[in-house]
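Here the structure comes first, spelled out in structure tokens, and everything after it is commentary.
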Amino acid sequence: METFKAHTGDKVSYPHVHLCFDDHAVGAWYSMRGALLTRKAKAVFYVDSFDHLEDDEIDMLQLLRADGHVIGCHGLNHLNALEYSQRYGIEAYIYEEIIPAMEAMASYGFSPTHFAFPYSKFDNQLYDDVTRLFCYVRPGNESHYYTVS
């Protein structure tokens with residue numbers, strides 16, 4: 001985890017609007033590029049399965065990043081973090097799902113600072129531990145995690 005400690009830099013301030021897209025539909029996201037540019041809107045694209053993306057998809061993500069969008073991490077295999085961590089432990093989830101995803105992203109020059117839990121599944125301890133790796137963790141539909149503090 002120390003490899004990625006620098007990613008926990010500037011925390012996101014509240015309130016804010018978080019326009020985001022999940023999974024790995026890079027072509028569909030890229031097709032919105034013109035509309036986002038026209039409206040000067042910024043988004044976070046949370047990518048899973050980064051190690052299976054095609055070269056043209058990597059190029060599209062690099063262009064989206066160049067436009068000012070954030071390319072975030074959504075895990076390596078889009079596993080349910082809560083189920084996995086309850087079965088194997090939080091440390092196993094981090095070292096088998098998050099760190100390899102971050103390494104895959106880093107191999108193409110991406111420095112993931114944002115993370116979103118697949119399926120919005122997590123508990124308090126998992127959220128706290130994963131938050132140490134990123135400047136922003138989007139828990140999903142659990143609005144009680146969005147606090148001013």
Side-chain angles (χ1 to χ4, degrees), residues 1-33 36 39 41-54 57-58 60-62 64-149:
M1 275 191 281
E2 291 301 314
T3 303
F4 298 103
K5 190 170 183 148
H7 299 281
T8 61
D10 299 328
K11 297 293 181 183
V12 172
S13 58
Y14 295 90
H16 72 278
V17 173
H18 192 92
L19 178 62
C20 58
F21 303 89
D22 293 1
D23 302 334
H24 51 266
V26 179
W29 302 338
Y30 190 78
S31 71
M32 298 182 302
R33 184 175 181 225
L36 293 169
R39 290 163 180 80
K42 302 297 181 209
V44 181
F45 298 97
Y46 291 104
V47 185
D48 66 66
S49 307
F50 204 93
D51 57 332
H52 289 98
L53 296 180
E54 301 291 330
E57 293 172 310
I58 300 293
M60 289 179 211
L61 288 173
Q62 289 171 337
L64 289 169
R65 180 182 59 190
D67 291 343
H69 303 290
V70 173
I71 309 303
C73 182
H74 199 42
L76 187 66
N77 299 301
H78 200 268
L79 299 178
N80 180 318
L82 184 59
E83 286 179 5
Y84 194 91
S85 65
Q86 287 174 340
R87 185 169 188 177
Y88 302 107
I90 293 172
E91 188 171 298
Y93 178 74
I94 289 171
Y95 281 99
E96 296 171 18
E97 181 68 7
I98 295 179
I99 299 297
M102 293 172 78
E103 290 172 343
M105 295 177 76
S107 72
Y108 287 96
F110 293 91
S111 299
T113 58
H114 289 52
F115 180 81
F117 285 103
Y119 311 106
S120 301
K121 300 294 184 184
F122 62 95
D123 61 17
N124 289 338
Q125 187 61 53
L126 183 59
Y127 181 86
D128 290 345
D129 289 352
V130 170
T131 297
R132 292 184 182 103
L133 295 171
F134 300 94
C135 75
Y136 182 84
V137 174
R138 190 203 75 205
N141 298 324
E142 304 297 326
S143 61
H144 63 277
Y145 279 88
Y146 295 104
T147 63
V148 175
S149 63

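Of all non-hydrogen atoms in F115 and G75, the two that sit nearest each other are CE1-N, 3.7 Å. Residue A41 comes nearest to L19 through the heavy atom pair CB-CD2, 4.5 Å, listed as atom of the first residue, atom of the second, then distance. The minimum heavy-atom distance between P100 and Y95, with the atom names listed, is CD-O, 3.3 Å. F21 and A43 make their closest contact through CE1-CB, 3.9 Å (heavy atoms, listed as atom of the first residue, atom of the second, distance). The two atoms that bring G27 and M60 nearest to each other are CA-SD, 4.0 Å, heavy atoms only.
Rounded to the nearest 0.5 angstrom, I90 CD1 and D128 CG are separated by 8.5 Å.
Residues that satisfy the side-chain hydrogen bond (donor to acceptor under 3.5 Å, both in side chains) test with H69, not counting sequence neighbours, are absent from this structure. Here D22 pairs with R138 under the salt bridge (Lys or Arg N to Asp or Glu O under 4.0 Å) rule; sequence neighbours left out. With sequence neighbours excluded, no residue forms a side-chain hydrogen bond (donor to acceptor under 3.5 Å, both in side chains) with N80.
Inter-residue side-chain proximity for Y108 and I71 is flagged as unmet; no heavy-atom pair is nearer than 4.5 Å. Looking only at side-chain heavy atoms (C-beta outward), Y136 and T113 stay at 4.5 Å or farther from each other. Proximity of L133 to I94: side-chain heavy atoms (C-beta onward) are separated by under 4.5 Å at one or more points. F122 has its side chain out of reach of V130: every pair of non-hydrogen atoms, C-beta onward, lies at least 4.5 Å apart. For the pair D48 and N77, the minimum side-chain heavy-atom distance is 4.5 Å or more. The side-chain heavy atoms of F110 and M102, taken from C-beta on, include no pair separated by under 4.5 Å.
The aromatic rings of Y84 and Y88 are tilted relative to each other, their planes meeting at an angle between 30° and 60°. Taking the six-membered ring for Trp and thresholds of 30 and 60 degrees, Y46 and H114 have ring planes inclined between 30 and 60 degrees apart.
For H24 and F50, the gap between ring centers reaches or exceeds 6.0 Å.
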Kindly indicate, with the supporting measurements, whether the criterion side chain to side chain contact (heavy atoms under 4.5 Å, CB included) is fulfilled by L61 and R65.
CA-CA 6 Å; L61 288 173; R65 180 182 59 190; over 6 Å; no
Could you walk me through whether Y119 and H78 satisfy the side chain to side chain contact (heavy atoms under 4.5 Å, CB included) test, starting with their C-alpha distance in whole Å, then the side-chain angles of each, then the deciding distance to 0.1 Å, before giving a yes or no?
CA-CA 8 Å; Y119 311 106; H78 200 268; 3.1 Å; yes
Side chain to side chain contact (heavy atoms under 4.5 Å, CB included) between V70 and K42, intermediate numbers included:
CA-CA 8 Å; V70 173; K42 302 297 181 209; over 6 Å; no
Take F117 and L126, measure what side chain to side chain contact (heavy atoms under 4.5 Å, CB included) needs, and give me the verdict at the end.
CA-CA 10 Å; F117 285 103; L126 183 59; 3.7 Å; yes
